[in-house]
Chemist: 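First the structure, then my questions, so here it is.
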Amino acid sequence: MPGPASPTDRPKPAVGAAGEKRANGSGSVRLRGRTWTARLSLGEAGRCTFSLPTCRTEQEANGRLEVLSEFAGRLLAAGQVVVGVPLLEQAAAREGTALRDVRLAIDQLCKGEARPRSSGDTTFAEFAERVLTGQLADQYPLHVKPLRHPEQYRHKLNHVLGVLGPVPLPRFTVDHADRAVSMLPAHLGASSRQGVAKIIHRILALATYPARIISNNPLPRGWIPKADNNKAKSSLYPDEDRRLMAAVDIPLSYRIYYGFLIREGMRADEAGRLEPSDLDLERGAIVLDENKTDDPRAWALSPDVVRALRVYFAMCPPKERVFSRPSGLPLPGRDGANSFRNHLRCAGIERPELFETTESRLNIRLHDTRATFITIKLANGRTETWISDRTGHKSSSQIHHYKRAARKVAELGLGDFAPLDEAIPELRGQGRAVGGARLSGGAEAAAAGDGGSLGAAPQGQMPASADVPAACAAEDEAAADRAALGPRWATPAPSAVAEHPEVIEMVNVSSARPATARKNRLSLRAS
């Protein structure tokens, strides 16, 4: 008896004339990236491509293609191929008993005894779309919050949807998740891989409750991989901050933005979304209701930041956002690292560790303005509570990571940040000092009603034309009053005598030596 025919001896579909379509039910396999796919001709359903996430070799892919061709032939014969395409998608992704269930469903569909798919067979991709679009949040508002940045989650999910997308949630196993994570692009770092794994875990947790599509999360505790967070992060020194603020070649809108981040410790994307209504410059306060941790916080701004913002707003009144580019577009939040490093170089800051990425260190990012704030403030004696009020950190351990760098700064005696309104040349001398010192320059002229411009910079210190629109005209006396500090620091404006205190002569009179009384001169100056 002749032996079984080899794969090369099996009959192949007849090849017709040039341009003739492939026979219905037949197809081919192809490797796309790291995932095998099968493409079949399905008559009125057209040519469909199915992902084969469980196939690791071409031989396994061809074996699954034969199974799909068998199922497709039966659906075509029964006239159910259009409604049976979802079943073919499941057959491409399932193994073992799960694949047997698909075969039974196709049997019932071909006999007219069942629908192509039950409502309980929602796939991972379908449920993820409900999460990303906010449909699940609308359905369960008490348990699910809408995503603020769904595009970021979608970008990460795109790495695994080719493997996990067609898998029905009731049949999802930890093996599917392991395979998807193992096939992530090689260029992704440990923290990025952890981020993808967290999203997979979160979607399955929501499918468990409140959606109740599956009875429990198939991913065990500890499945999310650990990220390597031990890399050293860079931060600026106070003298480098002064050089950055003084670099007039950098647009003023960027420098005021960087200076605010460095002195207040906010996240870059939080500051980028600030609206004028979030600031109370009369009282020197800020209210941040919407943030990453959903923990509303408010604090008192540094007085020098308040003065700088008042003068800057007099030059360039804010519109929809507090901080914006010279063109009016919002300043970068999460994507401003390259611009930040370029501006540091433009300011002449060339410390190598700020621009190098190695196995043990990250180059400086815009987010590291928070690390700069925490490090310098710890070095200058600020408490963890004071810092966490501004940064939003919820545990002491998060701030503890910066204490070693803070001790170095303290031992070197590098000091604190220069006042923002004095560090930026365009703003220097334009504000009102804490305690009620007079307005200077153009602000004083505006307060006197002589038509001077509020906060006008001295000659040679005017901001670039791209920063200050022509519409920033002269302010009247009422505008000058609004620019003054509010009740938290308000004191009567000093008189001219207070500006030039008179030397008062104090004489000690004694009955024993009236003629030789010693004179003590004491200069009393207004505080």
Side-chain angles (χ1 to χ4, degrees), residues 33-35 53 122-137 139-231 233 267-270 290-295 333-335 337 362 365 367 370 391-395 397-398 401:
R34 296 186 178 183
T35 304
T122 302
T123 65
F124 183 89
E126 291 170 345
F127 186 72
E129 189 65 20
R130 291 174 58 190
V131 175
L132 295 178
T133 58
Q135 296 178 14
L136 197 68
Q139 186 176 0
Y140 304 101
L142 297 180
H143 299 90
V144 183
K145 293 184 178 180
L147 300 176
R148 286 199 183 92
H149 304 287
E151 66 282 355
Q152 298 175 10
Y153 292 87
R154 190 180 299 277
H155 174 73
K156 293 179 180 179
L157 275 177
N158 285 338
H159 292 302
V160 297
L161 282 182
V163 176
L164 301 182
V167 180
L169 288 176
R171 304 295 180 183
F172 196 104
T173 67
V174 67
D175 293 332
H176 291 106
D178 286 342
R179 178 164 174 76
V181 172
S182 68
M183 296 177 65
L184 288 173
H187 69 271
L188 293 183
S191 59
S192 298
R193 293 172 179 271
Q194 183 190 59
V196 174
K198 285 182 176 180
I199 294 176
I200 297 173
H201 189 281
R202 177 58 177 165
I203 289 175
L204 293 173
L206 292 174
T208 304
Y209 188 85
R212 299 187 181 184
I213 296 176
I214 53 180
S215 59
N216 53 63
N217 193 329
L219 302 182
R221 185 176 181 179
W223 176 81
I224 298 176
K226 302 296 183 182
D228 182 11
N229 294 322
N230 295 325
K231 286 191 175 183
K233 299 177 178 62
R267 297 179 180 89
D269 55 340
E270 292 174 347
E290 295 185 5
N291 53 74
K292 176 181 178 181
T293 58
D294 293 324
D295 182 17
R334 302 175 62 89
D335 303 323
L362 291 173
R365 306 156 298 169
H367 185 71
R370 279 165 63 82
T391 61
H393 287 115
K394 293 188 175 182
S395 67
S397 61
Q398 293 176 300
H401 295 300

Chemist: Give me the atom names and distance for the closest heavy-atom approach of Ser182 to Arg34.
Modeler: O-NH1, 3.7 Å
Chemist: side-chain hydrogen bond (donor to acceptor under 3.5 Å, both in side chains): which pairs involve residues 169-178, sequence neighbours left out?
Modeler: Asp101-Arg171, Thr173-His176, Asp178-Trp223
Chemist: Decide yes or no for Leu169 and Phe127: does some side-chain heavy atom of the first lie under 4.5 Å from some side-chain heavy atom of the second?
Modeler: yes
Chemist: Could you point out which residue of Lys156, His201, His155 forms a side-chain contact (heavy atoms from CB on, under 4.5 Å) with Val196?
Modeler: Lys156
Chemist: Taking Pro225's backbone N and O only, do any of them form a donor-acceptor pair with Gln194's side chain (distance below 3.5 Å, no angle check)?
Modeler: yes
Chemist: Any heavy-atom pair between the side chains of Arg154 and Glu129 that's under 4.5 Å?
Modeler: yes
Chemist: Would you tell me whether His159 and Arg193 have side-chain atoms, one donor and one acceptor, within less than 3.5 Å of each other?
Modeler: no
Chemist: List the atom of Leu132, the atom of Leu147, and the distance in Å for their closest heavy-atom pair.
Modeler: CD2-CD1, 3.8 Å
Chemist: Shortest non-hydrogen contact from Lys394 to Gln398?
Modeler: N-OE1, 3.1 Å
Chemist: Can you name the nearest heavy-atom pair linking Pro220 to Val174, along with the distance?
Modeler: CD-CG2, 3.8 Å
Chemist: When you look at Leu184 and Val160, which way does the side chain to side chain contact (heavy atoms under 4.5 Å, CB included) test go after all the steps?
Modeler: CA-CA 7 Å; Leu184 288 173; Val160 297; 3.8 Å; yes
Chemist: Determine whether Leu157 and Phe124 make a side-chain contact, defined as any pair of heavy atoms from C-beta on separated by less than 4.5 Å.
Modeler: yes
Chemist: In Å, rounded to the nearest 0.5 Å, how long is the span from OG1 of Thr208 to CD1 of Ile214?
Modeler: 3.5 Å
Chemist: Which distance, rounded to the nearest 0.5 Å, do you find between the CZ of Arg370 and the CD of Glu270?
Modeler: 6.5 Å
Chemist: List in chain and number order the residues that pass side-chain contact (heavy atoms from CB on, under 4.5 Å) with Ala125, two or more places apart in sequence or in another chain; answer none if no residue qualifies.
Modeler: Thr123, Leu161
Chemist: Might you work through the side chain to side chain contact (heavy atoms under 4.5 Å, CB included) test for Lys233 and Arg365, ending with a clear yes or no?
Modeler: CA-CA 9 Å; Lys233 299 177 178 62; Arg365 306 156 298 169; 3.6 Å; yes
Chemist: State, to 0.1 Å, how close Ala137 and Pro146 come at their nearest heavy-atom pair, and which atoms those are.
Modeler: CB-N, 3.7 Å
Chemist: Take atom OH of Tyr153 as the centre, draw a 6.0 Å sphere, and report whether it contains more than 12 heavy atoms from other residues, nucleotides or ligands.
Modeler: no
Chemist: Write down the atom of Leu164, the atom of Ile200, and the distance for their closest heavy-atom approach.
Modeler: CD1-CD1, 3.8 Å
Chemist: Taking only residues two or more places apart in sequence or in another chain, which ones pass side-chain contact (heavy atoms from CB on, under 4.5 Å) with Pro141?
Modeler: none
